[in-house]
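This report concerns only the one structure given below.
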Protein chains: 2
Amino acid sequence: MTRSPARPTIPPERYAERLAAARSIAEEGGIAALLVGVGADLRYLTGYVAQPLERLTMLVLPAGGAPRLVVPRLEALPARGSIAGAAGLVEVVPWEETDDPIAIVAGLVRESVGVSREPVRVAVSDRLWAMFVLALQATLPEADLGLASAVLRRLRIVKDADEVALLRMAAEAADRVVVAIAGGPLVGRTEADVAREVHDRLLAEGHELAEFAIVASGPNSASPHHEASRRVIGPGDPIVLDIGGSLGGYGSDTTRTLWVTGGDPAMGPGEEFLRIHELVQAAQRGATEAVRPGVACELIDAVARGIIADGGYGDRFFHRVGHGIGLEGHEDPYLVAGNTGPLEVGMAFSIEPGIYVEGRYGCRIEDIVVCGVDGPVVLDQAPRELFVVDG
Amino acid sequence: MTRSPARPTIPPERYAERLAAARSIAEEGGIAALLVGVGADLRYLTGYVAQPLERLTMLVLPAGGAPRLVVPRLEALPARGSIAGAAGLVEVVPWEETDDPIAIVAGLVRESVGVSREPVRVAVSDRLWAMFVLALQATLPEADLGLASAVLRRLRIVKDADEVALLRMAAEAADRVVVAIAGGPLVGRTEADVAREVHDRLLAEGHELAEFAIVASGPNSASPHHEASRRVIGPGDPIVLDIGGSLGGYGSDTTRTLWVTGGDPAMGPGEEFLRIHELVQAAQRGATEAVRPGVACELIDAVARGIIADGGYGDRFFHRVGHGIGLEGHEDPYLVAGNTGPLEVGMAFSIEPGIYVEGRYGCRIEDIVVCGVDGPVVLDQAPRELFVVDG
């Protein structure tokens, strides 16, 4: 393990700015209040990393009033200890086990907005559970619910320097893990065993979560989201290794393709596989080079798709080329046909074309890329060539 | 690590029965269709363990039609490989990256229910994300959305013998971890370091997920949901150790209280702490002994609360006494004031009273208990006495 440098921290003032910006965008958009449950939106606005529980935790952020964090009494201490809580940016409002927290939230909305017979536009976090959404609709019938992403998307989609620094640390850590795994040995081990090693190495490299490790060997490599299984890796196997987690809250997500020979030159990759890998590498490079401010998200997808289609494998590349990354592993912007929105400086996303020949093999290469002023800033730097593994 | 016996498996016929039962309860209740997103409900009905993604995965289960599993094309292979998929109990309907999956779901509902101008009652899984809930409301305006728990609660709340066997294996594994941790050494280690050991031991004991390890030492023990911190454990510290995860999908969740002396008799627990621990132990035992079919859930809470209140600490026990456990760590039934529903044979839940003296210390004891025909079946068997740790 390489010792990582100190992590950038996001200071309390930044949260104050984010809360103010969210209120101002809400006001501009005619949204009376944001209701933010547990998850990335809450962490973005308050620094509070809460557990997803059946007991409601909800930030009530009126466009024209003070933010309140409604939490189960059990969570009052950690909520008060969160960055925004400790800095006095939000008032923590604990509820008791026999209280109705939805009624408390509804009361706070009415207190700031006033009781209304007209529909009041209220935005809930995109991943709020149906049990809370439907209860809010029943308890606050004057509310016309929309999604908080209408307000928060444009804030969260552009990363500041501290966020990019965290993404870079996460990417570099994941790169070291990929290189270590590609150093072998792999022959005779199960996919699940290798996935366990990935998990442990990501944690040792400073990740607090090591959420996924796709170790897709042999024909499994043709399934883009294969789950590591008991299949034993042997000579002649390709492996799609797609790993990630989070470090300081920010995601890593990188993919490299390996070929295991077991030291036997006769078990190396065939011509078609080499051609596929080259094509994916060219598509990944071409899409990356196309990144610059103002380019439509879908164009990055189209560039990769065009290169792969020209190579004769268009129908074997059946997923979008990338997704945004930040406090969530998948978030805006999505690089997919139909997303005509322009790239902006500070957007961070994966670029990960692949080719999958069902029943035989697959190949994918993925980096995390930030849109810089003049072009792409590539955070992952592990070699993109096919890793040929002897052992 | 003790080698565990083979895990019970839940056979495909069980899923067929569950799907049929859900359809029949829905029909009885006038619910035209269930729409089940990723999570425990989906796993319960199909055995499919899907990742929570922004790409919609949804089981469409009409009361009067064939079940369809709408999945992103990327997930088609794992969906078809799920127990219900492989057994042909559900038809997998993949959608492409540029399709609108909500429109596909709406189409399937209309296909089975017919186009209606009258409201059609449709139930969505309780934890479906707001982004999907609001999109369904917009795309299927004739649907009057309710929660799937209205249908699934009474199925999932009663565990069959295989489910109880899995809960028991999970509990026994967690018990072994508690005893190992209480064996020390603890002095000089951070809470986070001990939490890491808990995590690794739970995995080594056969858990596939080790989701939480509350290691709340010294005054932190007064915070019921304390997150393991960098606090260094020393002589004279109480520790509330509350750990769990899942094994074969079923949860473990056990708590024991420790006192660290570091071998110095002068650093043992004081009289008040011993009295508190005794009171919690008595409350935990009393509540457990009160378990039998037909008893109201809230009565179990009241028994524990009464014992603690009689001991003079009523206001220091400010959380419910327990929660159901199964495919989710917290699920129905909740043992809390206001829940007048009766216990039934096969219900599984925690019994976990605690006393918390803010700024000083806290204490909690928790077992997983199943309601048997004649009384409680206690799954956790680690000693409930205060663990006094020398090292």
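Proximity to chain A (any heavy atom under 4.5 Å) is shown, for Ser223(B), by both the backbone and the side chain. Only the side chain of Leu77(A) comes within contact range of chain B, judged by heavy atoms closer than 4.5 Å. Heavy-atom distances place the backbone of Ser125(B), and not its side chain, under 4.5 Å from chain A. Contacts of Leu134(B) with chain A are made by side-chain atoms alone, with heavy-atom separations under 4.5 Å and no backbone atom involved.
Residue with the most contacts toward chain B among Glu96(A), His226(A), Glu75(A): Glu75(A) (heavy-atom pairs, distance under 4.5 Å). If you tally non-hydrogen atom pairs under 4.5 Å between each of His323(B), Arg55(B), Glu227(B) and chain A, the highest count goes to Arg55(B). The candidate with the highest count of non-hydrogen atom pairs below 4.5 Å against chain A, out of His319(B), Glu331(B), Arg196(B), Glu328(B), is His319(B). When each of Gln137(B), Arg73(B), Arg127(B) is scored by its heavy-atom pairs under 4.5 Å with chain A, the top score falls to Arg127(B).
Across Asp126(A) and Trp129(B), no two heavy atoms sit closer than the pair O-CB, 3.5 Å. For Phe318(B) against Glu97(A), the heavy-atom pair with the smallest separation is O-CG, 3.5 Å.
With salt bridges taken as basic N to acidic carboxylate O contacts below 4.0 Å, none links Arg80(B) and Glu358(A).
Atom CG in Leu147(A) sits 7.5 Å away from atom CE in Met131(B) (nearest 0.5 Å).
Heavy-atom neighbours of chain B within the stretch residues 210-219 of chain A, taken at a separation under 4.5 angstrom, are nonexistent.
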